[in-house]
Asker: 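Just dropping this structure here.
Computed from a predicted structure; not experimentally measured. Per chain, numbering begins at 1; letters A, B, ... match sequence-line order.
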Number of protein chains: 2
Amino acid sequence: MSDNEAGVGGVAQSKRADARRNKETLLDAAAKVFVASGVDAPVRDIAREAGVGLGTIYRHFPTRADLVIAVYRHQVEACAEAGPALLASSASPYMALREWINLFVDFLVTKHGLASVLRSDSAGFESLHSYFLDRLLPVCAELFDAAAAAGEVRSDLTAYELMRGVGNLCVGAEGDDRYDALRLVDVLVSGLRLLPD
Amino acid sequence: MSDNEAGVGGVAQSKRADARRNKETLLDAAAKVFVASGVDAPVRDIAREAGVGLGTIYRHFPTRADLVIAVYRHQVEACAEAGPALLASSASPYMALREWINLFVDFLVTKHGLASVLRSDSAGFESLHSYFLDRLLPVCAELFDAAAAAGEVRSDLTAYELMRGVGNLCVGAEGDDRYDALRLVDVLVSGLRLLPD
DNA sequence: AACGATACGGAACCTTGTTCCGCTTAGCAA
DNA sequence: TTGCTAAGCGGAACAAGGTTCCGTATCGTT
């Protein structure tokens, strides 16, 4: 992590509030543009979307690649942080798991172009996949275990299997209108349920 | 195939001799530059290497991608054509097979960057891999079967297995100085030999 | 030898990543 | 509140690479 980030779960730190705000704005804008135009979208488009100058982007992210990586990590982070929050706020562990998986699927489908970045052997991208797993698997496991402990879901599978299952259902989404990954995942997650009968 | 190419095994046809010559020169120059600098080498470098202007490149290959594809096919083609030629000129089918496999390995190691092109989902690159197999497997089989028929090599494996074996030995070559794919392949091919004892 | 079609070279153009620098402004001190 | 100053900002300018265009040179034919 760079020098001006708080630890896990923190938010960009900086002397000046506007700088912090801009960095956040940029990450959001970049994410939006990446979804709309793919990860190859020009830096200028992101600057425009964020309403900032090119210089501002390059101060926060020295190269284009740094921005892509930051967006990816930012999204993984957001997804990870949502886990405990949902667990605390939802009516039941199962509902929390269900909602979290929706976020997760959003991320998977959205990252579309980011997947190719993961494969790339360009400098700086190689550790993203392991980061992804390291960060999200424990979160998924926490939610899943909580639901299992509450007797709401079957427990004859692992959190890893669940994540893989969801992930695989999302493969090839986007581009095939006849295939709704979100719906399939919903079916899968419904299938987890242990109905009291 | 474009409109001004002869059929399989042919060479570029064109009204004017200089145009034909230039196309050939370009393919060679591009291959050379790709090996030296990777498939991302600038078009200008290729023009310089070939000693022609940019316009010449773009007349023969409407886009950069067309050039890459043409080089790839050109090399597959050259490799394929070499098979029967070697069979006719070599001292024995086994020696022909051995020499052909050297060419094949050259191609594999050389295509290095081209491999990434094969994976790419950019327009125009998707059919290259199947072209590769369709064209080269029969050639390899012809040489292998000839050597087998002459009793020079063991015949308890298929040409496909041989190609896969050689291909796999070449994976990860280039970039690891401690690994010499060429030598390993030589060992493998030597192992094919049925020594009269 | 002359001529028309074909091909050539490379300057010019466009897009995109990156750098640079004068101007603005947040945060602090008096 | 008012200055002060360094952190930040915007965007023009630059660099690099793909692509286009067109005046010129060359080929093949008559």
Asker: Roughly how many Å is it from CG in D18(A) to P in dA7(D), rounded to a whole number?
Answerer: 13 Å
Asker: Figure out the CG/P separation between N22(B) and dC27(D), and round it to whole Å.
Answerer: 11 Å
Asker: OH of Y58(A) versus P of dG11(D): gap in Å, rounded?
Answerer: 16 Å
Asker: Could you check whether D45(A) pairs with R48(A) (Lys NZ or Arg NE/NH1/NH2 to Asp/Glu carboxylate O, under 4.0 Å)?
Answerer: yes
Asker: It should be established whether T56(A) places a side-chain nitrogen or oxygen under 4.0 Å from OP1 or OP2 of nucleotide dG8(D).
Answerer: no
Asker: Does L143(B) reach the side chain of Y94(B), with side-chain heavy atoms less than 4.5 Å apart?
Answerer: no
Asker: Given atom CZ of R59(A) and atom P of dT18(C), what is their separation to the nearest angstrom?
Answerer: 15 Å
Asker: Taking for each residue the nucleotide of DNA chain D with the nearest heavy atom, is it G55(A) or T63(B) whose nucleotide lies nearer the 5' end?
Answerer: G55(A)
Asker: Measure from the side-chain heavy atoms of H60(A) and tell me the nearest of dC9(D), dA12(D), dA12(C).
Answerer: dC9(D)
Asker: I need the CG-P distance between L67(A) and dT18(C), as an integer number of Å.
Answerer: 10 Å
Asker: Is there a donor in the side chain of D66(B) and an acceptor in the side chain of T63(B), or the other way round, less than 3.5 Å apart?
Answerer: yes
Asker: Check the orientation of F132(A) and F107(A). Use parallel for under 30°, tilted for 30 to 60°, and perpendicular for over 60°.
Answerer: parallel
Asker: Can you tell me how far C1' of dG8(D) sits from CZ of R20(A), to the nearest Å?
Answerer: 13 Å
Asker: Roughly, in whole Å, what's the span from CD1 in I57(B) to P in dA7(C)?
Answerer: 16 Å
Asker: dC14(C) P sits how many Å from R44(B) CZ, rounded?
Answerer: 14 Å
Asker: In terms of side-chain heavy atoms of L54(B), which of dA12(D), dA12(C), dG8(D) is nearest?
Answerer: dA12(C)
Asker: Quick one: do the R98(A) and S90(A) side chains pair a donor with an acceptor below 3.5 Å?
Answerer: no
Asker: Using the side-chain heavy atoms of P42(B), tell me which of these nucleotides is nearest: dG18(D), dT18(C), dG17(C).
Answerer: dG18(D)
Asker: With the side chain of R16(A) defined as its heavy atoms from C-beta on, choose the nearest nucleotide among dG8(D), dG18(D), dC9(D).
Answerer: dG8(D)
Asker: Base, sugar-phosphate, or nothing for R64(B), non-hydrogen atoms under 4.0 angstrom?
Answerer: sugar-phosphate
